[in-house]
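Report on the following structure.
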Amino acid sequence: MTPYNAIDFEPPAPVANVTLRYGKNEWLNVPMQIDLGADITLVPQAVVAKLNLQPIANKQYELQGFDGHATLAEMVQLELIFCQRTFRGQFLLIDQPWGILGRNVLNAVPVVFDGPRLQWFEYTITK
């Protein structure tokens, strides 16, 4: 079970530590807020720079927040490892210390959120 992050978020939020990999380079324990309201996954721009990975040229997507504010986000091709599963593909960049795990990843992993106990865990079926 992983506790919610009560230091960086008010109210506390579920956060997972993932691995980002590009070729032989990888960065461990990248904090990612688990957000079922997010359609897509966004990875921290600073971590991608540490992997010596450049965004895909001329590929930007418009993101719109709940407040209606729109921004442009660049895209990278990499691997994201979450709950011992590897997701290969294109992810958008975000300029903040933590990323956002969206439904394009979360829909593949059964996750249980225990809000009263402020923790989350991967659901496993026992036989």
Side-chain angles (χ1 to χ4, degrees):
M1 292 185 211
T2 304
Y4 282 21
N5 181 325
I7 296 170
D8 299 313
F9 298 93
E10 180 56 43
V15 174
N17 287 318
V18 305
T19 298
L20 297 181
R21 183 184 307 149
Y22 177 70
K24 294 182 181 180
N25 298 329
E26 66 180 19
W27 203 265
L28 307 174
N29 298 317
V30 178
M32 303 280 285
Q33 180 183 8
I34 299 173
D35 186 350
L36 293 171
D39 298 333
I40 57 166
T41 295
L42 299 107
V43 296
Q45 192 170 11
V47 173
V48 169
K50 292 175 184 177
L51 292 172
N52 294 321
L53 175 58
Q54 296 298 316
I56 298 171
N58 302 317
K59 277 267 198 166
Q60 291 185 330
Y61 288 86
E62 184 177 74
L63 302 176
Q64 187 168 357
F66 288 113
D67 62 358
H69 180 74
T71 59
L72 290 177
E74 294 180 299
M75 178 185 292
V76 292
Q77 179 90 23
L78 53 73
E79 294 179 347
L80 182 147
I81 302 166
F82 169 63
C83 287
Q84 301 173 349
R85 292 169 177 82
T86 302
F87 299 88
R88 293 172 183 87
Q90 298 176 337
F91 299 93
L92 297 181
L93 298 178
I94 189 167
D95 188 18
Q96 63 184 31
W98 61 85
I100 307 288
L101 270 178
R103 289 190 314 272
N104 64 322
V105 168
L106 295 171
N107 283 347
V109 182
V111 177
V112 176
F113 298 98
D114 186 347
R117 291 186 180 88
L118 296 178
Q119 57 191 12
W120 69 270
F121 57 92
E122 181 182 3
Y123 177 76
T124 55
I125 299 172
T126 55
K127 294 182 182 186

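Starting from 1, each residue takes its place in the sequence as its number. When reading the values below, keep in mind they use all heavy atoms of this one structure, side chains included, and skip hydrogens, waters and symmetry mates.
With Trp120 contributing its side chain and Val111 its backbone, the two residues share no donor-acceptor pair below 3.5 Å. Although no hydrogens or angles enter the test, the distance criterion places a donor-acceptor pair under 3.5 Å between the side chain of Thr41 and the main chain of Gly102.
No path of Ile, Leu, Val, Met, Phe, Trp and Tyr side chains, each step under 4.5 Å between heavy atoms, connects Leu53 with Met75, placing them in separate hydrophobic clusters. In the hydrophobic clustering of this structure, Phe66 does not group with Leu36; members are Ile, Leu, Val, Met, Phe, Trp, Tyr whose side-chain heavy atoms approach within less than 4.5 Å, directly or through other members. Placement of Ile40 and Val109 in two distinct hydrophobic clusters is found when ILVMFWY residues are connected by side-chain heavy-atom separations under 4.5 Å, directly or transitively. Val18 and Leu106 fall within a single hydrophobic cluster, where Ile, Leu, Val, Met, Phe, Trp and Tyr side chains are chained together by heavy-atom contacts under 4.5 Å.
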Would you give me the side-chain donor-acceptor pairs under 3.5 Å for residues 79-99, sequence neighbours excluded?
from  : atom 1 : to     : atom 2 : distance (Å)
Glu79 : OE1    : Arg21  : NH1    : 3.0
Glu79 : OE2    : Arg88  : NE     : 2.9
Arg85 : NH1    : Cys83  : O      : 3.2
Arg85 : NH1    : Glu122 : OE2    : 2.5
Arg85 : NH2    : Glu122 : OE2    : 3.0
Gln96 : NE2    : Trp98  : O      : 3.1

Side-chain donor/acceptor pairs under 3.5 Å, residues 54-62, sequence neighbours excluded:
none

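Between Pro31 and Asn17, the shortest heavy-atom contact is CA-OD1, 3.6 Å. Summarising the geometry of Leu78 relative to Leu20, their closest heavy-atom pair is CD1-CD2, 4.1 Å, with the distance given to 0.1 Å. Pairing each heavy atom of Tyr4 with each of Pro12, the nearest pair is CD2-O, 3.7 Å. Closest non-hydrogen pair, Met32 versus Leu101, comes out as CB-CG, 3.8 Å. Contact detail for Gln77 and Tyr22: the closest heavy-atom pair is O-CD1, 3.5 Å.
Within a 6.0 Å sphere centred on CG of Leu72, other residues, nucleotides and ligands contribute more than 12 heavy atoms.
Atoms CG and CD, from Asp114 and Gln119 in turn, are 5.0 Å apart once rounded to the nearest 0.5 Å.
Here the side chains of Gln33 and Phe9 are in contact, with some heavy-atom distance below 4.5 Å. With contacts defined as side-chain heavy-atom distances shorter than 4.5 Å, the pair Leu42/Leu63 qualifies. A heavy-atom distance below 4.5 Å is found between the side chains of Pro44 and Val30.
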Evaluate Met1 against Arg117 for side chain to side chain contact (heavy atoms under 4.5 Å, CB included), listing each step before the verdict. CA-CA 10 Å; Met1 292 185 211; Arg117 291 186 180 88; over 6 Å; no
Mind running side chain to side chain contact (heavy atoms under 4.5 Å, CB included) on Ile34 and Val15 for me, showing each step along the way? CA-CA 5 Å; Ile34 299 173; Val15 174; over 6 Å; no
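Applying the salt bridge (charged side-chain N to carboxylate O under 4.0 Å, His left out) rule to pairs touching residues 8-18 yields nothing, sequence neighbours excluded.
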